[in-house]
There are 2 protein chains.
Amino acid sequence: MNDKPGPKYKRVYDTLRKRLQDGYYSVGTRLPTEDALATTFEVSRVTVRRSLDMLVSEGYLVARQGSGYLVDTLSPPSSTCLTSFTDSVLKEGREPGARLIDITFFDGDAPEAVHDMLGKSLVRIRRLRTVDGEPKMLVNTWLPTARVAGITAEDFPETGQDQSILRVLSGRFGLEWSRACETIRSCVASDEIGTFLQVPVQTPLLVQACTAFDDEQGTVFFEEVFRNTPITFNLGGSRRQEQLS
Amino acid sequence: MNDKPGPKYKRVYDTLRKRLQDGYYSVGTRLPTEDALATTFEVSRVTVRRSLDMLVSEGYLVARQGSGYLVDTLSPPSSTCLTSFTDSVLKEGREPGARLIDITFFDGDAPEAVHDMLGKSLVRIRRLRTVDGEPKMLVNTWLPTARVAGITAEDFPETGQDQSILRVLSGRFGLEWSRACETIRSCVASDEIGTFLQVPVQTPLLVQACTAFDDEQGTVFFEEVFRNTPITFNLGGSRRQEQLS
DNA sequence: CGAACAGATTAGTATGAACAAATTTGTTAC
DNA sequence: GTAACAAATTTGTTCATACTAATCTGTTCG
């Protein structure tokens, strides 16, 4: 532990964060106490506290004086598009679903805007996200073919904990990003989109477009979400929470 | 300093934050050193660091090792609706403007949705935000009359640093809020809104609706922003930045 | 004058210690 | 059994201190 580079608090943070994402500590359980963690990591309590504070402010953990640190979620609301649809629906006691529409491969014949960002050889994954069976969002995810070699429909379960495309891409293909840009704009439902979302043509919709980059400035993926429902933020305190509405 | 309630780091944070918002430290200048602040506040360097770290993570300050703390902005991007339109436009080297359309007083005859939130006696401030003279957003701000007694058109300058309605309300009427909820939805331009924004009727628009509350759960204000341009977020690292596009 | 170096300044990381405050757990008394 | 109290546990706050790393400043030398 003490021979790796970088500050200790960062190494402890990275380790704990990885454990959380690997399910080593599951949601609702309690973490070891500060003293215990300090002992196992061979750092001072102040240092382990610093790491825990980071995880708390990011929303992974909640700290309760006199009790301990509780695992709150594995998908904290770090952004809008990167927020797990699955988690937020589950928290409301409803049933999230994801119906795969199609996986299409493009080779130079993709729309120009996407082509410019991600390159020639592309995959488009179209999915319909549902709540209690009702269609809520149409999600188009674009990826360079090279990054997701051998992707098939089997990679996308219709129900369960692993519907999140981000978790699929991260777990199955090791896809990671460091920076992302999201825009929200307005549009009206086309014939095709209206059919999928079961709304009349010309209905005003929200479009969330999210582009994610890795450290080398390469574009990792591009995602477009069409939704009829508003986007809600709860602001206040240090943390922010997107809610499904 | 040492006889007030609450933790010291919080008191130091509050003091510094107030100074920043009052212009005691202006943008681009350097704060006193950690040691100096620790001495003047009569706390340890660790405590003053904790307060400074909070201001850094909120975006007010940037810390540079070996140099000091620089004041980055007085309106950090703490949320979308609460973000200063003025600041973001100025940062792009363009000229923000705010044309006051009207200030209307309602007494029981306000739209029901607003009436339920804020009470019977209301003020509606309608403003048109512009960039280089071009209309960009229509902003409707609703407030309880009691909170802004004696408000007039003079309170809203058309140009300059103090166009931000939030700074006006905070500075002139002492309006503060602790929690807010924002939703983003889609709509199409009505006849009136289309005229203000100079777009055809039925153009799809974004609507940002923001409701702010104080500690006693009272609703402080409600704001609706109609815009033709998309909302952009830059995500990554610990901080988030809304950009004008 | 200007480049290079040395020293001072300032933020970054880390420890150990002490006490406060909230919660949980254990024990006692009724 | 359970209500009340006591003790232990656990996080929250604060301090003094030491060292590291980046930046800035002043001086010296060519």
Side-chain angles (χ1 to χ4, degrees), chain A residues 1-17 19-20 25 27-73 237-239, chain B residues 1-17 19-20 25 27-73 237-239:
Chain A
M1 183 72 205
N2 272 324
D3 48 352
K4 294 201 204 93
K8 293 187 186 175
Y9 77 87
K10 174 82 170 133
R11 301 210 295 274
V12 174
Y13 165 83
D14 286 336
T15 306
L16 290 176
R17 191 158 167 280
R19 286 191 184 176
L20 283 165
Y25 307 123
V27 175
T29 60
R30 251 187 54 188
L31 250 64
T33 66
E34 294 179 352
D35 275 322
L37 289 171
T39 305
T40 60
F41 286 119
E42 292 176 312
V43 296
S44 71
R45 189 182 150 217
V46 181
T47 302
V48 82
R49 263 187 74 82
R50 182 161 178 185
S51 309
L52 288 168
D53 281 344
M54 292 169 68
L55 292 166
V56 168
S57 71
E58 286 173 41
Y60 286 99
L61 309 177
V62 286
R64 288 195 312 189
Q65 188 174 166
S67 174
Y69 289 85
L70 277 178
V71 182
D72 191 44
T73 173
S238 57
R239 220 176 116 216
Chain B
M1 183 72 206
N2 271 324
D3 48 352
K4 293 200 205 97
K8 292 187 187 176
Y9 76 88
K10 173 79 170 133
R11 301 209 296 272
V12 174
Y13 164 82
D14 285 337
T15 306
L16 291 175
R17 191 157 167 280
R19 286 191 184 176
L20 283 165
Y25 307 123
V27 175
T29 60
R30 250 188 54 189
L31 251 64
T33 66
E34 293 180 350
D35 275 322
L37 289 170
T39 305
T40 60
F41 286 119
E42 292 176 311
V43 296
S44 72
R45 191 180 149 219
V46 180
T47 302
V48 83
R49 265 187 73 82
R50 182 160 177 185
S51 308
L52 288 168
D53 282 344
M54 292 169 69
L55 291 167
V56 168
S57 71
E58 285 172 42
Y60 286 100
L61 309 177
V62 286
R64 287 195 312 190
Q65 187 175 166
S67 172
Y69 289 86
L70 277 179
V71 182
D72 191 43
T73 173
S238 56
R239 222 175 116 213

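This structure is a prediction, so every number in the text was calculated from the model and none was measured. Lettering of chains follows the sequences in order, A, B, ..., and the numbering in each one begins at 1. Note: hydrogens, waters and symmetry copies are ignored here, and every other heavy atom, side chains too, is used.
Summarising the geometry, atom OG1 belonging to Thr15(B) is positioned 8.5 Å from atom CZ belonging to Arg11(B); distances are rounded to the nearest 0.5 Å. Note that the OH atom of Tyr69(A) and the CG atom of Leu31(A) stand 9.0 Å from one another [nearest 0.5 Å].
In plain terms, the two heavy atoms of Thr33(B) and Arg30(B) that are nearest each other are CG2-NH2, 4.1 Å. Nearest heavy-atom pair across Glu34(B) and Val48(B) is O-CG1, 3.6 Å.
One atom, CG of Asp53(B), and another, P of dT13(D), lie 14 Å apart when rounded to the nearest Å. Spacing between atom CZ of Arg49(A) and atom P of dA17(C) amounts to 18 Å, rounded to whole angstrom units. Here the P atom of nucleotide dT13(D) and the NZ atom of Lys10(B) are 11 Å apart, to the nearest Å. When the C1' atom of dT10(D) is taken as reference, atom CG of Leu61(A) falls 15 Å away, rounded to whole Å. For the pair Asp35(B) CG and dT10(C) P, the computed distance is 8 Å after rounding to whole Å. Atom CE in Met54(A) sits roughly 14 Å away from atom C1' in dG12(C) (whole-Å rounding). Here the P atom of nucleotide dT13(D) and the CG atom of Leu52(A) are 14 Å apart, to the nearest Å. In this structure, NZ of Lys8(B) is placed 14 Å from C1' of dG12(D), rounded to the nearest angstrom.
Residues Leu61(A) and Leu70(A) are not in side-chain contact: their nearest non-hydrogen atoms beyond the backbone lie 4.5 Å or more apart. By the 4.5 Å heavy-atom criterion applied to side chains, Val43(B) and Tyr9(B) are not counted as neighbours.
Counting any heavy atom pair closer than 4.0 Å across all strands shown, Arg50(B) reaches sugar-phosphate atoms only and no base atom.
Between Tyr69(A) and dT23(C) there is no side-chain N or O to OP1 or OP2 distance below 4.0 Å.
Nearest nucleotide to the side chain of Glu34(B), out of dG12(C), dA14(C), dG12(D): dG12(C).
The salt bridge (charged side-chain N to carboxylate O under 4.0 Å, His left out) check on Arg50(A) picks up nothing, with sequence neighbours excluded.
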Nucleotide-resolved protein contact map, nucleotides 16-24 of chain D, B/S/- at heavy-atom distance under 4.0 Å: B-B--BBBS
